[in-house]
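Everything on this sheet refers to the single structure shown next.
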Amino acid sequence: MDEVVAAHEVGLESMSASAQPVVVRMTGVRRRFPGPPEVIAVTDATLTIRAGEHVAIMGPSGSGKSTLLNIMGLLDQPSEGTYLLGGRDTTALTDSARTRLRQETIGFVFQDFYLMSGRTAQENVALGLVYTGLDARQRHAIARQALETVGLGHRVHAMPSTMSGGERQRVAIARALVNRPSLLLCDEPTGNLDSATSAHILEILAGLRGSGVAVVTITHDPMVGAGADRLIQITDGRTFDPEPEHVGRSRQAVAVGSDDGAPARLPSVVGVRPPADVGQPVPRPSDGGTPVIPRSTHSAWHVWSAVAGEAIAGLGQKVSRTILTLIGTVVGVGAMVAIMGLTSTAAGQIDASFTALEATQVVVNDAGTPSPGGFVNSFPVDAVDRAGALNGVQACGVIQPVPNATGVVATDMTPTSLGVNAPVYGATRGYFETIDATWSDGGPYTLFEEDENLPVAVIGASLARQLGVDRAGGTMFVDGFVYRVVGVVSGVSSRTEALMSVFIPLEGMQERYGQPTQFQRATMVIHTRVGAARLVASEVARALRPDAVDAFAVVPPADPPRMKSVISASMSALLIALAGVTLLIGLAAIADTTLVAVMERVGEIGLRRAIGAFPRHIMSQFLLETLAIGFLAGLIGTSIAVIGVLATAISLRWTAIIDPWIILAGPFLGAVAGLVAGAFPAWKAGRISPIAALRR
Ligand code: ADP
Ligand code: MG
């Protein structure tokens with residue numbers, strides 16, 4: 001390397017060309033494009049290019065210049081012949097070895113610049129290092145330096161759209177140089193520029209002379225040809241014009257094929273050097289405009305994070321299209337989440353008429369069958385104590401309609417209207433608690449009154465109003481007996497008929513009117529702690545009568561009556577299927593947009609491949625783009641759906657119930673949809689051949 005630099009200081013012109021290592025050595029290279037019709041674009045190209053040489057290739061359109069350059073740049077392979085790059089036989093290399101060699105050794109400059117709109121000059125130049133494994137900070141530092149060397153230090157953050165053609169080409173040259181190539185290949189670099197601007201570009205290329213980089217320029221422009229150390233004339237094979245005014249420079253003729261399929265062969269006459277120096281390493285320019293920054297942190301991690309960065313940047317560049325692409329997936333995922341959320345929310349609602357008390361009430365009916373001696377009450381005398389001892393029982397009472405009673409109730413206040421027909425019950429005092437009685441006056445009879453068989457009564461508020469005894473302390477007649485009213489029940493949570501009834505202590509009632517009959521049986525009502533009802537129901541019969549469990553029919557509380565789901569199960573299955581179809585449409589939209597984007601970005605793909613991207617980098621970039629689109633769509637759809645379910649629940653005064661897994665599954669579903677949608681376009685993008693991509 002030192003030797004090379006020393007040589008540059010003396011000046012390339014004065015040096016013997018043979019002192020420089022060979023960069024490019026082609027022998028008998030032929031490129032055949034299988035038809036139909038078959039085209040032989042390059043026929044028997046034999047040439048040698050040395051480090052530091054500036055070579056111009058001139059020839060009419062269609063004469064095979066670009067094909068030759070693509071082969072030189074390892075974008076294409078010869079059908080026949082050998083191509084040694086820096087002494088390495090490239091024809092034997094695998095695809096990935098050629099990609100790596102291309103990334104390390106070659107820089108490209110194209111007529112069309114291939115700058116990415118929406119990225120600053122610096123970002124465009126840094127792109128040249130994306131696949132090298134340098135971290136972003138280093139990439140940008142090198143890019144900035146490279147921009148300075150092409151005279152654009154002041155336009156680092158300019159967008160390509162704000163730059164002139166010449167400036168854009170300078171950005172492209174900077175991008176080609178950041179990798180410190182040994183070989184810079186320029187395909188019509190001034191083809192789109194006016195002559196003044198072209199001159200500037202040529203100056204920049206000429207400025208590379210000190211760096212040792214071999215520069216090969218395809219051109220139509222005689223000015224470009226004149227600036228080169230050597231001119232290689234490419235013709236369709238029939239013309240061979242040594243151009244005498246360029247005497248003093250070496251000349252080389254390359255025979256190339258013609259489209260008519262009758263290629264002429266012309267042996268290469270000049271420039272082939274003895275193979276002595278073949279095999280030397282390709283010199284790496286160390287100064288002269290290419291930045292030298294220590295590169296110690298090459299890593300695969302940086303390559304992949306750079307690829308991810310490219311994917312995100314790709315999305316950011318076409319926000320409106322990205323949003324449009326999202327819609328189908330947003331709706332699909334959103335509808336699924338919303339349907340599931342609404343279904344579970346509706347199904348979780350307890351009917352408004354349901355009260356917690358109902359879920360805590362156990363009713364024990366006497367299911368005894370009449371024996372030959374007559375009907376016998378199944379409830380033992382200490383039934384209330386036995387049931388009350390069960391774990392979870394809060395209150396417990398027994399009630400029995402008065403057997404054979406006329407049920408005539410009267411008061412002493414209204415002797416004239418002796419007769420309101422109202423139901424009369426014997427009830428233990430615990431009964432009032434089980435129906436959650438509230439009292440407008442007084443309360444239940446006391447234990448003492450119960451035990452002593454005192455003639456006391458509790459009366460329902462509606463009946464009391466009718467009879468004019470709505471205060472405790474008054475007296476009333478039941479079936480001709482006098483009772484003292486101790487309490488007026490004004491409200492109950494169940495058994496509202498209590499408000500129209502009279503209750504007297506059960507034991508006293510049974511002494512006066514007799515034991516329950518087959519048709520007027522006793523019933524036990526139990527109020528349990530919340531959640532204990534089922535257990536109490538299963539145990540109570542055994543607690544009451546271990547000897548005759550079958551004597552009771554226990555009615556546990558009904559399950560809380562849930563809202564009949566607004567959306568029936570089959571309906572919701574149908575809606576989910578519809579949402580699935582929407583998701584599929586969304587998926588197709590992503591696939592379609594991505595496919596279009598791949599086709600639109602063929603140039604970008606070609607450029608990336610030229611810069612050193614492997615097919616897997618290209619594929620990953622597009623897959624990451626669709627993955628991100630899908631994930632974003634899933635996230636948006638899920639958020640909208642959750643908000644929708646919440647709003648619905650709030651407006652109906654329901655409790656929103658959404659399985660957290662569904663909320664997590666939404667974005668995941670979107671991401672999977674994105675991956676599936678992106679698979680085919682990404683595969684296609686990875687397969688695009690760089691030469692096809694860069695062809696116009
Ligand atoms: P130049 O750059 O000198 O204008 P090219 O190298 O692009 O010429 O093309 C040389 C010839 O090879 C042309 O006739 C062109 O049509 C043909 N050619 C180039 N690439 C392909 C290809 N991929 N398939 C078929 N023919 C091709
Ligand atoms: Mg061309």
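Both counts, for ligands and for their atoms, begin at 1 and track the order of listing.
Side-chain atoms of N192 and Q111 form a donor-acceptor pair, as typed in the model, at a separation below 3.5 Å. With no hydrogens or angles considered, a side-chain donor-acceptor pair links E188 and H220 at under 3.5 Å. Between the side chains of T197 and D194, at least one donor-acceptor pair of N or O atoms lies under 3.5 Å.
Near V39, the atoms of ligand 1 lying under 4.0 angstrom from a non-hydrogen atom of the residue are 12 (O), 17 (C). Short contacts between ligand 1 and S61, defined as distances under 4.0 Å to a heavy atom of the residue, involve ligand atoms 4 (O).
Backbone or side-chain N, O or S atoms of S66 reach the Mg ion (ligand 2) at under 2.8 Å.
With salt bridges taken as basic N to acidic carboxylate O contacts below 4.0 Å, none links R180 and E104.
Heavy atoms of G64 come nearer than 4.0 angstrom to ligand 1 in at least one pair.
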